[in-house]
Amino acid sequence: MNDTVAMVKAEGVHKSFGRNEVLKGIDLEVRPGEVMCVVGPSGSGKSTFLRCINHLEKINAGKLWVDGELVGYQQKGDKLYELRDREVAAKRREIGMVFQRFNLFPHMSAIENIVEAPCQVKGESKSVARERAMNLLDRVGLADRSRAYPRELSGGQQQRVAIARALAMEPKLMLFDEPTSALDPELVGDVLAVMRGLADDGMTMVVVTHEMGFAREVGDSLVFMDDGVVVEQGRPTDVINNPQHERTQRFLSRVVGTAQ
Amino acid sequence: MTGPSQHGDEQGKDARAATTTPAEQIVAVPVRHPGRWVAAAILLVLVAMLLNSLLTNPAWGWKIVGQFLFSERILAGLWVTIQLTFFAMLIGVVLGVIIAVMRLSKNPIVSGVAWTYAWFFRGTPVLVQVFFWSFIAKLYPYLSLGIPFGPEFVYFDSNILIPIFTGVVLGFGLNEAAYMSEIVRAGILSVDDGQTEAAEALGMTRMKIMRRIVLPQAMRVIIPPTGNETISMLKTTSIAAIVGAGDLFTNAQQIYGSNYQQIPLLVVASIWYLLMTSILSIGQYFLERRFSRGVLSGRGGFLGRGARSEV
């Protein structure tokens with residue numbers, strides 16, 4: 001693993017909200033092209049960890065790298081310097097994020113949502129951004145809904161537009177924060193299919209999810225988190241079929257038991 | 001049939017039968033409402049008394065009202081009132097947005113200054129503030145541009161730089177900014193945090209997020225109370241008469257000051273104020289309707305954004 005730079009590398013990452021310690025030392029590594037699924041009970045810190053990766057949350061201790069660069073800080077000699085708003089924003093351009101509640105911009109149509117960041121952040125021309133946006137909408141199966149406003153779309157369609165919006169910035173890493181948890185059961189499949197396609201194309205992905213089927217079939221690795229620590233990680237089939245830790249066993253018996 | 005009991009089923013059948021055969025109309029004595037009749041009679045008498053007074057009391061001076069309603073001085077005053085309202089609201093809205101954004105800043109000095117501004121301008125009467133700006137030349141006879149506590153480059157005579165009209169506009173505008181800042185702040189806070197997060201995750205800077213994502217959505221909450229503020233401002237500008245700003249009320253006062261026809265000229269002013277606030281109310285109604293149409297049915301987004309068919 002020393003010949004390639006890890007896409008995401010975490011060393012002893014701690015995060016507290018006030019006196020509440022949510023992450024208690026996370027060590028992880030995501031290789032380029034890897035699809036890592038993160039599972040665990042609610043409140044285990046998995047979403048918080050994901051949000052640390054693109055600096056939506058500031059970590060209190062430890063170190064976090066994305067593609068070999070420190071997240072949120074710059075190291076000069078022994079000193080760490082906080083990055084400016086503009087510098088943090090620049091780094092986030094390379095990391096796409098998809099939220100549980102979609103967070104599409106309601107005052108913009110689907111295609112406007114997608115071209116917003118390429119035009120406003122990268123300064124791309126409208127025609128170029130539009131063309132790629134149409135390709136992306138086609139890819140997520142919504143080419144005919146480009147002019148629809150978010151409220152006119154179903155949850156599953158909104159989430160697929162949100163994925164297209166993140167992809168429009170041509171990120172090298174995609175973060176998914178429970179992307180199907182707010183969806184009606186019959187809409188989950190379309191979103192997972194889009195994510196599966198992304199994985200097949202070699203995108204590096206970190207997916208916080210409850211979809212054990214997706215984790216087993218698409219994931220390259222599975223991480224089980226509980227109470228702010230990584231309890232167990234390994235190949236998805238190994239972790240799911242043969243969990244070593246008692247906490248993993250308890251969690252899986254509840255999740256997999258009901259899912260199958 | 002969803003009726004759980006047999007009885008329910010029977011009712012359902014009856015209802016269906018009623019729709020197919022001509023129904024026999026119910027003939028019943030309606031409930032009497034003597035109280036309503038008494039109240040209506042009393043009101044009618046009062047309205048009749050008022051009308052009688054309006055028509056027969058010569059002090060209303062309807063002839064003089066008609067004579068002055070479209071007189072040059074009244075119309076000139078009307079124009080000044082419209083300008084005062086427009087410029088005061090312009091300052092109020094622009095400065096209000098700036099103060100609201102400052103108020104939400106993480107820098108304690110920036111947010112503290114914004115808080116103090118709102119505290120001061122909301123805590124003193126607008127009448128006093130207008131006086132203050134009219135007498136600003138007593139406080140600062142000269143205004144100059146230069147380095148703070150250092151050399152000055154340009155001098156202005158305050159009385160020339162800030163004539164009565166400008167002073168009054170500043171007085172109303174700066175006061176309005178304090179109220180508008182609260183309205184804008186409420187609008188900004190009404191926008192879901194997820195919107196900011198999504199924009200941050202896309203690599204947008206804070207300024208851009210505010211301008212492109214948050215403020216356009218906050219408009220939904222900001223527009224209705226801003227309409228109310230504009231209507232309120234139109235009436236409040238009559239305070240400018242106290243420093244003789246040449247607005248509608250100033251001119252009405254000046255006319256009755258010379259011809260002693262106070263009542264007719266107050267009627268003239270009232271008619272114009274009522275007409276203008278009515279026009280503004282109608283405008284506000286359409287603005288809000290257009291806007292809620294976007295939110296509720298969704299066709300075309302709000303503020304007619306969807307009217308632009310291309311991206």
Side-chain angles (χ1 to χ4, degrees), chain A residues 50-51 53-57 84-122 126-127 129-130 133-134 146-153 162 165-169 171 174-175 177, chain B residues 101-102 104-107 110 184 187-224 287-288 290-311:
Chain A
L50 198 70
R51 293 159 57 82
I53 295 177
N54 67 353
H55 208 48
L56 283 181
E57 306 288 357
R84 297 158 186 280
D85 178 41
R86 191 167 288 280
E87 295 165 330
V88 172
K91 291 206 172 179
R92 284 184 181 135
R93 289 173 205 178
E94 307 185 320
I95 308 171
M97 187 163 191
V98 174
F99 298 86
Q100 182 176 356
R101 304 224 152 262
F102 331 133
N103 296 349
L104 288 181
F105 306 132
H107 58 304
M108 298 179 186
S109 65
I111 193 157
E112 286 172 335
N113 262 280
I114 299 172
V115 300
E116 177 69 13
C119 290
Q120 293 293 323
V121 177
K122 279 188 178 171
K126 272 214 161 146
S127 56
R130 261 181 73 91
M134 281 312 294
S146 65
R147 285 182 185 173
Y149 281 78
R151 69 186 83 83
E152 300 167 320
L153 299 170
R165 177 176 69 175
L167 291 175
M169 290 298 282
M174 284 285 285
L175 309 174
D177 188 5
Chain B
V101 172
M102 283 172 67
L104 295 166
S105 165
K106 278 178 192 155
N107 182 331
V110 174
V184 173
I188 290 174
L189 291 176
S190 77
V191 178
D192 181 24
D193 282 345
Q195 292 291 311
T196 306
E197 274 185 5
E200 278 177 345
L202 285 167
M204 294 172 84
T205 53
R206 271 190 213 126
M207 281 295 286
K208 217 152 224 173
I209 295 171
M210 186 53 74
R211 199 165 54 79
R212 299 280 310 174
I213 307 297
V214 175
L215 280 180
Q217 293 182 59
M219 290 307 281
R220 189 180 64 193
V221 174
I222 292 171
I223 280 177
L287 204 62
E288 281 178 29
R290 176 177 177 178
F291 156 77
S292 62
R293 182 175 60 196
V295 170
L296 297 178
S297 75
R299 256 272 147 267
F302 63 79
L303 292 176
R305 282 215 62 175
R308 293 186 316 159
S309 53
E310 37 91 58
V311 168

Which region of [X], side chain (C-beta onward) or backbone (N, CA, C, O), has a non-hydrogen atom less than 4.5 Å from a non-hydrogen atom of chain B, or is it both or neither?
X      : result
A:L104 : backbone
A:R51  : side chain
A:I95  : backbone
A:E116 : side chain

Determine the minimum heavy-atom distance between [X] and [Y], stating which atoms define it.
X      : Y      : result
A:F105 : B:A198 : CE2-CB, 4.2 Å
A:V121 : B:G203 : CG1-O, 3.5 Å
B:A201 : A:F99  : CB-CZ, 4.0 Å
B:L202 : A:A117 : CB-CB, 3.9 Å
B:E200 : A:R92  : O-CD, 2.9 Å

Margin query: Checking B:K208 now: which residues fulfil salt bridge (Lys or Arg N to Asp or Glu O under 4.0 Å) with it, not counting sequence neighbours?
Written below: none
Note to self: Counting only heavy atoms from other residues, nucleotides and ligands, does the tally under 6.0 Å from CG of B:D193 exceed 12?
What the structure shows: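 No, the 6.0 Å shell around CG holds no more than 12 heavy atoms from other groups.
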Notebook entry, point to check: At what distance, to the nearest 0.5 angstrom, does OG1 of B:T205 lie from CZ of A:R84?
Noted result: 13.5 Å
Note to self: I need the B:R206 CZ to A:R86 CZ distance, nearest 0.5 Å.
What the structure shows: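 One finds 11.5 Å between CZ of B:R206 and CZ of A:R86.
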Note to self: With heavy-atom distances below 4.5 Å as the criterion, would you say the side chains of B:Q195 and A:P106 are in contact?
What the structure shows: yes
Next item on the list: Report the C-alpha distance between A:H107 and B:M219 in whole Å, list the side-chain angles of each, state the deciding distance to 0.1 Å, and finish with yes or no for side-chain contact (heavy atoms from CB on, under 4.5 Å).
Entry: CA-CA 11 Å; A:H107 58 304; B:M219 290 307 281; over 6 Å; no
